[in-house]
Amino acid sequence: MYVEKNLVFYSQRFEDQNQLFDFMADELEKQDYVRKEFREAIKVREQNFPTGLQLQNLNVAIVHTEVEYSKAEKLVIMKLEKPLIFRNIATLEPLDVELIIGLILNDSNKHLEVLQKVSQLLQSEAIIQEIKDTSTHEELAELMQNYFN
Amino acid sequence: MKKRIVVACGAGLATSTMILQKVEEFLKEIGIDYSISQSQIYELDFYDGEADLFVTSMKLDQNKYKTPIVVGTPFLIGINEDTLKEQIKEILLK
């Protein structure tokens with residue numbers, strides 16, 4: 001199970017990336033899915049190697065760290081209440097991001113499978129539209145669970 | 001002659017894996033004999049001049065490398081894939 005209901009967040013509001021990453025780290029620590037160094041690692045990682053992607057109709061950040069900070073193979077999904085500025089992975093230009101996909105990957109051979117699914121999701125306008133159309137936590141969680149699990 | 005391709009991203013893990021799958025698919029499609037590997041961006045110096053092509057997740061300064069570089073992001077998001085494929089083909093077939 002890559003997607004768990006309590007790691008899907010709907011209409012979450014953050015003032016900056018730091019706040020978002022702290023929130024994500026808190027939630028993941030509660031479940032014991034990450035090591036305590038994850039919090040800093042994900043912030044540094046995003047600084048050095050931005051992950052913002054400009055899709056046709058939605059901007060997404062696929063935030064992640066090196067594998068040694070994760071204890072599980074999970075996805076964190078966050079639909080933001082207001083866009084947050086990230087940087088474009090390719091051009092490094094600022095990008096208003098509305099959807100966060102946190103890739104919590106450890107060193108198992110399973111991450112190929114989950115990455116393939118993430119990749120398909122990013123390229124499917126239909127699913128992206130469905131994500132945009134969700135209007136409750138329940139709907140978003142169900143959509144993501146059906147897609148990934 | 002076998003073409004050597006290195007796909008690189010920040011940690012040499014997530015985005016490069018996604019890009020690598022698409023690059024491989026394309027190379028098979030056009031029938032190029034290749035070997036492909038994944039690396040972190042800061043390790044590219046090591047392959048520079050040896051590899052025939054670098055596909056990276058972010059824009060790098062081509063002037064710093066001998067090996068031609070293309071940005072592989074279109075393979076991640078499915079936009080402008082055809083232009084990228086043309087570029088890759090041109091580099092590898094020349």
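Here is the naming used below: chain letters follow the sequence lines, and residue numbers restart at 1 for every chain.
- The minimum heavy-atom distance between B/Leu84 and B/Val71, with the atom names listed, is CD1-O, 3.5 Å.
- The part of A/Leu105 that comes within reach of chain B is its side chain, from C-beta onward, which places non-hydrogen atoms under 4.5 angstrom from that chain.
- A/Leu20 is listed as a side-chain neighbour of A/Met78, based on a closest heavy-atom distance under 4.5 Å.
- With hydrogens and angles left out, the side-chain atoms of B/Tyr34 and B/Glu24 include a donor and acceptor closer than 3.5 Å.
- Interatomic distance, CD1 of A/Ile104 versus OG1 of A/Thr65, reported as 6.5 Å (0.5 Å rounding).
- In this structure, chain A has a heavy atom under 4.5 Å from the side chain of B/Thr73, while its backbone stays farther away.
- Side-chain contact between A/Val34 and A/Tyr69 is absent, with no heavy atoms from C-beta onward closer than 4.5 Å.
- Within the model, atoms OG1 of B/Thr67 and CZ of B/Phe54 stand 4.0 Å from one another, a figure rounded to the nearest 0.5 Å.
- Ranked by heavy-atom pairs shorter than 4.5 Å toward chain B, the options A/Gln116, A/Glu66, A/His64 are led by A/Gln116.
- Within residues 46-57 of chain A, the residues approaching chain B closer than 4.5 Å by heavy atoms are, in numerical order, A/Phe49, A/Leu53, A/Gln54, A/Leu55, A/Gln56.
- Nearest heavy-atom pair across B/Ile91 and B/Val70 is CD1-CG1, 3.7 Å.
- Looking only at heavy-atom pairs under 4.5 Å with chain B, the residue among A/Val118, A/Ile89, A/Ile62 that has the most is A/Ile89.
- Looking at every heavy atom in both residues, B/Lys3 comes nearest to B/Asp52 through CA-OD2, 3.3 Å.
- Only the side chain of B/Glu81 comes within less than 4.5 Å of a heavy atom of chain A; its backbone N, CA, C and O stay farther away.
- Two rings, from A/Phe23 and A/Phe9, have their centers less than 6.0 Å apart.
- Contact of the A/Glu130 side chain with the A/Tyr147 side chain is not registered, since no non-hydrogen atoms from C-beta on lie closer than 4.5 Å.
- Within the 4.5 angstrom heavy-atom criterion, atoms from both the backbone and the side chain of B/Leu76 approach chain A.
- Most heavy-atom pairs under 4.5 Å with chain A, from the set B/Cys9, B/Gly78, B/Ser57: that is B/Ser57.
- Contacts of B/Leu60 with chain A are absent, with no heavy-atom separation under 4.5 Å from either backbone or side chain.
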